[in-house]
Structures are given as C-alpha cells and as structure tokens.
Trainee: 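Before anything else, here's the structure in question.
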Amino acid sequence: MTQPIILVVGARPNFMKIAPIYAELAKRGEELILLHTGQHYDDNMSKVFFDDLGMPKPDIYLGIGSGSHAYQTATVMIEFEKICMENNPSMVVVVGDVNSTVACSIVCAKLRISCAHVEAGLRSFDRDMPEEINRIITDSIADLLLTPSPDGDDNLLAEGIPIKRIKRVGNVMIDSLYSNLERSKKSEILNQLQVKGKYSVVTLHRPSNVDDKENFTKILGALENIGAQIQLIFPLHPRTEKNAKAFGLFHRLEAIPNIVLTGPIGYLDFVALMASSTLVLTDSGGLQEETTALGIPCITLRENTERPITVTEGTNTIVGCNQKLIETTAFETLTGKGKAGRVPDLWDGKTAERIADVLLEHISNGD
Ligand code: UD1
C-alpha cells in the first residue's frame, strides 16, 4: 500500500506556503493528504485563501480554533497523532512557525515519522516571540530543514544541526506571489475601498504591538501623522480590532483622515493592494519578504527580524515602535528616499520544484 504525504496548514501565513508544494507534488502523482488544524477558522482568515490559491478543500479538518498556546499546541498534538496512526504517512510537511507547526513536528518525532520543515532556520533571537520558540523546537526535531536563505543555514549550523539535514531551497511563498501576480490585477479591491492616488498599506497583529497598550498607542500616534501625508489602507487582524476596542483606541484610529479600515482581506486582493502601494508599514514576517520581492519599501514595526536578508538585500527597514523613527523613516520614503533592494537568490518562483525533489529523494532513500 502506498503511504501518503501529509501537508499541514493551520494559520493564515501557512496557506500561501503549502499551495505551491501541494500543486507540485500532485503534478508528480503523489498521494497527498491536505490537513488543516483549524487554528485559523474564519472564512476571511482561511477559506478565502483556499479559493484564491486554487487549493482543494482540506481532506482533514481538525477544528482546533482559538485558545492559549498550550491549548492550541496540545489539542493539535492529540488530534494529529490519531491521524498519523490511521494514515501511516511516508512524510509530513510543516511550514512556518505557528503553533500548529511545532505541534505536528513533535508528534512526528515521537512516532518516528519523517518530518520536513519548510522555512527552517529563521531566527529573531527574541524568545519573547512565541514563534521563535516554535522555530527552535521544530528545527531541533524535524528530519529535513528546508531553508529560504543562507542565514537560515548559518543559524542551524550554529545550533549544532548536522549539515546533511539542511537543504537550501529558496522562498516558497514567493512562488505563490509570482504565480498570482497577474491574476491579482483583476482584483476590484482598489475600487471597492475607493482608493485614489498614492496610499500606504498597514498591517499589525504581533502581541508585542497590539496586546500592549503603550506600544499600540505609540504606533497609533505615528499613523496619525503619516495619515496626514498619505492615505492609509489598514486591514485589521481580529486580534488588533479586539484590542483597539478594549484599549479605547479604536475611535482615534477611525478618526485618522482618509484612513480605510477593513477586516482581513483575501490573498489576491491583498497582493493587488500591496503591489500598487507606495509604502508598507507592518509587523508581519511574510510582508517583509513579499515587499522585497516586489521592490516596495517596507517599514517593519518590530525591534528585530528573523528575515534579515530583507534588510541586507531587500527593501526592508526595521524601526521598532518608536514613534519618531517610524515617522521619519516613512516621510523619507514618501519623498522618494525609500530603500531600493534586490531580490535574494532562489526567490525565483521555482522553490516548490526544489522542495518536491528533496522530499521525494528523502522518501525514496527510506531516510
Ligand atoms: C497566529 C500565529 C502568528 C501568525 C498569525 C497570522 C502562533 C503562535 N501565532 O497568530 O505567528 O503571524 O497567526 O495571523 O501560531 N481569531 C479570529 N478568527 C480566526 C483566528 C483568530 O477571530 O480565524 C482571533 C481570536 O480571537 C484569537 C485571535 O484572533 O484569539 C488570535 O488568533 P491566534 O491564532 O491565537 O493567533 P494570531 O495572533 O492570529
């Protein structure tokens, strides 16, 4: 009996990483199980991405939902273990750094099932970020570590990981970006939001920014001043909207002249919005990479990044949540002094092909 490969998704940033890998392995005739843990469950945080990315409905949906870190991680582990026992996969593929990623990798390590981690080796060196804990644990136990850039290899080697587990394949999220750029041009989002002329896209969801009233207030102050110079389009993550209201800051956000506040938006609409923007202000990991690939200046509202190549080679500037620094960097960009960059090696739209080669070789060697 052939053994399937299980591809795991859980939260919004996972979908655009798994879609190209699923398509490539399906093209090669592999038996696949697409498993969604349900960490993100709202249609606009999940289903719209399956539709936009042309992914089939998940074969298995665990329906985990929201909860504390321990709850999410433990519940995914309990349910995923049952799935692995029933399906006896040849390999499990996990991506990124969310709670579902680490939970499934631990299950594989205990059941001695081969696990490949896509986007391995990224480090912010900031253990206050829950994602950093997830990255360190996943990389320490997964069998194949597929890195997007040389810094990933260096970090893994410095942690004592044997070189034979590390394969540099490039950035798979950029496969999705390039293959959907043309389709995104049909998006009506700019008309729907009545955007005219130049605008900046804003996204925020990191606990360090939006769960902390003081930091949230500093960022809001910067947005008020930047919003006086350029229209801001701000799709709100559920966590951000909830906290803005709880901290009594929502009315200030709404009062920024010309700001457009919307709920989370789908993949194609977001790519369209980003691709025509003048500037992106964000605390997302994925957007730092996508803006570098598109050549759009990005100002990252974090103290550090696990994606340093977007700064050394790309268009990204790290400013933290210092109001003055956010404003001066944004104003420089608006006067045409934004950071230019180059697209890093292997961010070429062909990463899923390299990943499929590595996975199938690993399986055929019976590693
Ligand atoms: C998670 C990931 C983070 C990723 C982010 C992208 C972890 C530790 N964090 O953070 O790395 O960048 O996803 O969004 O895995 N909610 C909804 N609908 C949903 C999902 C969440 O309303 O479909 C609300 C819930 O109130 C929930 C809150 O958003 O409590 C936060 O969701 P959660 O999955 O805990 O973490 P994220 O902040 O989304």
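Whatever order the structure lists them in is the order used to number ligands and atoms, beginning at 1. Any value given below was found using the heavy atoms of this structure, including those in side chains, with hydrogens, waters and symmetry copies removed.
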Trainee: Indicate the atoms forming the closest heavy-atom contact of G152 with T147, along with that distance.
Mentor: C-CG2, 4.0 Å
Trainee: If you look only at distance, which donor and acceptor atoms sit under 3.5 Å apart when one is on a side chain in residues 292-300 and the other is two or more places apart or in another chain?
Mentor:
from : atom 1 : to   : atom 2 : distance (Å)
T292 : OG1    : Q288 : O      : 3.4
T292 : OG1    : T315 : N      : 3.1
T300 : OG1    : N316 : OD1    : 2.6
T300 : OG1    : N316 : ND2    : 3.4

Trainee: What is the nearest protein non-hydrogen atom to atom 2 (C) of ligand 1, stated with its residue, atom name and distance?
Mentor: V98 CG1, 3.7 Å
Trainee: Based purely on interatomic distance, does H69 place a nitrogen or oxygen under 3.5 Å from a nitrogen or oxygen of ligand 1?
Mentor: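 H69 vs ligand 1: no N/O contact under 3.5 Å.
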Trainee: Would a 4.5 Å heavy-atom cut-off, applied to side chains only, mark I133 and P130 as touching?
Mentor: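 Not in contact.
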Trainee: Is the closest basic N to carboxylate O distance between E241 and K245 below 4.0 Å?
Mentor: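 Counted as a salt bridge, because a side-chain N and a carboxylate O are separated by less than 4.0 Å.
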Trainee: Which atoms of ligand 1 are found less than 4.0 Å from any heavy atom of H205?
Mentor: 4 (C), 5 (C), 6 (C), 12 (O)
Trainee: With atom 24 (C) of ligand 1 as the reference point, say which of S100, G263, P238 has the nearest heavy atom.
Mentor: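 Checking each option, the heavy atom nearest atom 24 (C) of ligand 1 is found in P238.
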Trainee: Among all protein non-hydrogen atoms, which one is nearest to atom 8 (C) of ligand 1, and what is the separation to 0.1 Å?
Mentor: N99 OD1, 3.3 Å
Trainee: For Q72, take its heavy atoms, then give the atoms of ligand 1 lying under 4.0 Å from any of them.
Mentor: 34 (O), 35 (O)
Trainee: Please work out whether any backbone atom (N, CA, C, O) or any side-chain heavy atom from C-beta onward of H40 is under 4.0 Å from ligand 1, and answer side chain, backbone, both or neither.
Mentor: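 Near ligand 1, H40 shows its backbone as well as its side chain.
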Trainee: Give me the nearest non-hydrogen protein atom to atom 26 (O) of ligand 1 as residue plus atom name, then the distance to 0.1 Å.
Mentor: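 I find the closest protein heavy atom is K242 NZ, 2.8 Å.
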Trainee: Please enumerate all residues that pass ring pair (Phe, Tyr, Trp, His ring centres under 6.0 Å) together with H117, with sequence neighbours excluded.
Mentor: none
Trainee: Are the charged groups of R168 and D153 less than 4.0 angstrom apart, N to O?
Mentor: yes
Trainee: Which residue supplies the protein heavy atom nearest to atom 7 (C) of ligand 1, what is that atom called, and how far is it?
Mentor: Q39 NE2, 3.6 Å
Trainee: What heavy-atom pair brings M55 and L34 nearest, and what distance separates the two atoms?
Mentor: SD-CD2, 4.1 Å
Trainee: Search all heavy atoms of V210 against all heavy atoms of F247 and return the closest pair with its distance.
Mentor: O-CE1, 3.3 Å
Trainee: Mind checking whether P13 contacts ligand 1 via backbone (N, CA, C, O), side chain (CB onward), both or neither, at a 4.0 Å heavy-atom cut-off?
Mentor: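 The part of P13 near ligand 1 is the side chain, not the backbone.
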Trainee: Return the closest protein heavy atom for atom 16 (N) of ligand 1 as residue, atom name and distance.
Mentor: Y41 OH, 3.6 Å
Trainee: For E327 versus A222, what's the shortest heavy-atom pair and its separation?
Mentor: OE2-CA, 3.4 Å
Trainee: Identify, for atom 3 (C) of ligand 1, the protein heavy atom at the shortest distance, and state residue, atom and that distance.
Mentor: E131 OE2, 3.2 Å
Trainee: Flag the pair F15 / H40 as yes when their ring centroid distance falls below 6.0 Å, and as no otherwise.
Mentor: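 No; H40 has its ring centre 6.0 Å or more from that of F15.
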Trainee: Which is closest to atom 36 (O) of ligand 1 by heavy-atom distance: R206, R239, H237, E241?
Mentor: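 Closest candidate by heavy-atom distance is R239.
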Trainee: Using a strict cut-off of 4.0 Å, indicate which atoms of ligand 1 neighbour a heavy atom of S66.
Mentor: 21 (C), 25 (C), 27 (C), 30 (O)
Trainee: Among all protein heavy atoms, pick the one closest to atom 18 (N) of ligand 1 and tell me residue, atom and distance.
Mentor: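 Answer, as residue, atom name and distance: D42 OD2, 2.9 Å.
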